[in-house]
Amino acid sequence: MFAFVAMIGLAAVSTGSVFAASGEKVYTIESFHYLTVDGKVVDSQSKLNKTDKETKITMVLPQQNKNGEWLAYGFTSRESMQAFMKKDKQRLQSKGLQYNADIMASGPCCTDFYEYKNKGGQYVYWRDGFTNLPSSWNDRISSVSTASPYSSYATTLWEHTSHQGYGKGVFFRHSDWYGITANLASDWNNETSAIEIN
């Protein structure tokens, strides 16, 4: 059962070049270079190696360093991620970004989760809030296309269900990723058991 503001739906799409026809950019998310962990700058390789093991949640930025690693903010807990989100939402709203919670149905208001890379195969969409995925979608997501930043703030994929303690998470801020397809790296491909949109 889903919350009244949350919507989930299934549809079939071709596994061809859907993304190319729309001109949407497609990126494959592989390794990360953490700029900060819990808001503290990662300033040395030894510190990075230590914090990399402690990092539970990764916010992916749509930029890469010269080695091809995706720039990211790391968080050691769900609470530290939520504290960052609260401040970041306020910052974005102070710059004029307002969320429209009244938009309904799939489209800019929803994040689409696809079973294959490049928006291929079947997809499920989610509008708002948290849900543990049904067994038919558990460990099946390979690519993500986020909702509009005017609809919601970010999409988070969780390794485990809430009953299993969430596990590791990776999230995409909609103001960074709207209009871009993110293909999940091998360590996240077909590993998602819960999704959350704030």
Side-chain angles (χ1 to χ4, degrees), residues 1-13 22 24 29 56-62 72-73 75 77-115 119 121-184 188 190-198:
M1 177 110 34
F2 301 108
F4 72 96
V5 292
M7 300 171 61
I8 197 161
L10 292 172
V13 294
S22 67
E24 185 170 296
I29 309 302
K56 302 292 182 211
I57 304 159
T58 300
M59 177 181 158
V60 187
L61 301 173
Y73 298 138
F75 304 91
S77 69
R78 184 176 165 86
E79 292 73 26
S80 64
M81 176 194 78
Q82 289 173 330
F84 169 85
M85 283 184 167
K86 182 178 180 181
K87 288 181 183 176
D88 198 42
K89 279 183 185 179
Q90 290 171 344
R91 181 187 64 82
L92 291 172
Q93 288 174 338
S94 72
K95 290 185 171 186
L97 182 62
Q98 299 297 321
Y99 303 117
N100 182 358
D102 297 328
I103 303 171
M104 298 301 289
S106 182
C109 71
C110 299
T111 295
D112 297 329
F113 304 89
Y114 295 84
E115 70 173 327
K119 296 170 68 172
Q122 292 186 321
Y123 72 93
V124 61
Y125 60 86
W126 189 251
R127 183 169 190 267
D128 190 31
F130 175 90
T131 188
N132 294 318
L133 291 170
S135 59
S136 61
W137 272 92
N138 186 49
D139 294 341
R140 190 172 164 193
I141 295 171
S142 294
S143 61
V144 177
S145 183
T146 76
S148 161
Y150 294 99
S151 177
S152 47
Y153 168 73
T155 294
T156 306
L157 287 72
W158 293 103
E159 173 187 27
H160 302 310
T161 66
S162 57
H163 309 297
Q164 298 168 317
Y166 302 100
K168 290 201 168 195
V170 61
F171 78 97
F172 302 90
R173 186 167 50 190
H174 297 170
S175 59
D176 292 332
W177 286 92
Y178 183 59
I180 301 172
T181 298
N183 290 325
L184 303 178
W188 269 100
N190 298 327
E191 292 294 329
T192 302
S193 294
I195 53 179
E196 186 171 12
I197 298 178
N198 304 90

Where is the tightest heavy-atom contact between [X] and [Y], given as atom of each residue plus distance?
{"X": "Phe130", "Y": "Trp158", "answer": "CE1-CD1, 3.8 Å"}
{"X": "His174", "Y": "Thr111", "answer": "NE2-OG1, 3.7 Å"}
{"X": "Thr161", "Y": "Ala194", "answer": "CA-CB, 4.2 Å"}
{"X": "Pro62", "Y": "Trp177", "answer": "CA-CZ2, 3.6 Å"}
{"X": "Pro108", "Y": "Ser151", "answer": "O-CB, 3.8 Å"}
{"X": "Ser152", "Y": "Ile197", "answer": "OG-CG2, 3.4 Å"}

Taking atom [atom1] of [X] and atom [atom2] of [Y], what is their separation to the nearest 0.5 Å?
{"X": "Ser136", "Y": "Glu115", "atom1": "OG", "atom2": "CD", "value": "10.5 Å"}
{"X": "Phe171", "Y": "Thr155", "atom1": "CZ", "atom2": "OG1", "value": "10.5 Å"}
{"X": "Arg78", "Y": "Thr156", "atom1": "CZ", "atom2": "OG1", "value": "8.0 Å"}
{"X": "Gln82", "Y": "Lys87", "atom1": "CD", "atom2": "NZ", "value": "14.0 Å"}
{"X": "Ile141", "Y": "Ser143", "atom1": "CD1", "atom2": "OG", "value": "9.0 Å"}
{"X": "Gln122", "Y": "Arg140", "atom1": "CD", "atom2": "CZ", "value": "5.0 Å"}

Specify whether Phe84 and Phe75 have parallel, tilted or perpendicular ring planes, treating 30° as the upper limit for parallel and 60° as the lower limit for perpendicular.
tilted
For the residue pair Tyr123 and Tyr114, categorise the inter-ring angle as parallel (less than 30°), tilted (30 to 60°) or perpendicular (more than 60°).
tilted
What verdict does the side-chain contact (heavy atoms from CB on, under 4.5 Å) test give for Gln90 and Lys86, after you've listed the backbone C-alpha separation in whole Å, the side-chain angles of each residue and the deciding distance to 0.1 Å?
CA-CA 6 Å; Gln90 290 171 344; Lys86 182 178 180 181; 4.1 Å; yes
Identify the residue among Asp88, Asn198, Thr146 that makes a side chain to side chain donor-acceptor pair (under 3.5 Å) with Arg173.
Asp88
Apply the test side-chain contact (heavy atoms from CB on, under 4.5 Å) to residues Trp188 and Ile29: give CA-CA distance (whole Å), side-chain angles for both, the deciding distance (0.1 Å), then the verdict.
CA-CA 9 Å; Trp188 269 100; Ile29 309 302; over 6 Å; no
Check whether any side-chain heavy atom of Asp139 lies under 4.5 Å from a side-chain heavy atom of Ser193, and answer yes or no.
yes
Would you mind reporting whether Ser142 and Asn183 have side-chain heavy atoms less than 4.5 Å apart?
no
Derivation and outcome, side-chain contact (heavy atoms from CB on, under 4.5 Å), residues Thr192 and Phe113
CA-CA 10 Å; Thr192 302; Phe113 304 89; over 6 Å; no
Check against side-chain contact (heavy atoms from CB on, under 4.5 Å), Asp176 and Leu61:
CA-CA 7 Å; Asp176 292 332; Leu61 301 173; 3.7 Å; yes
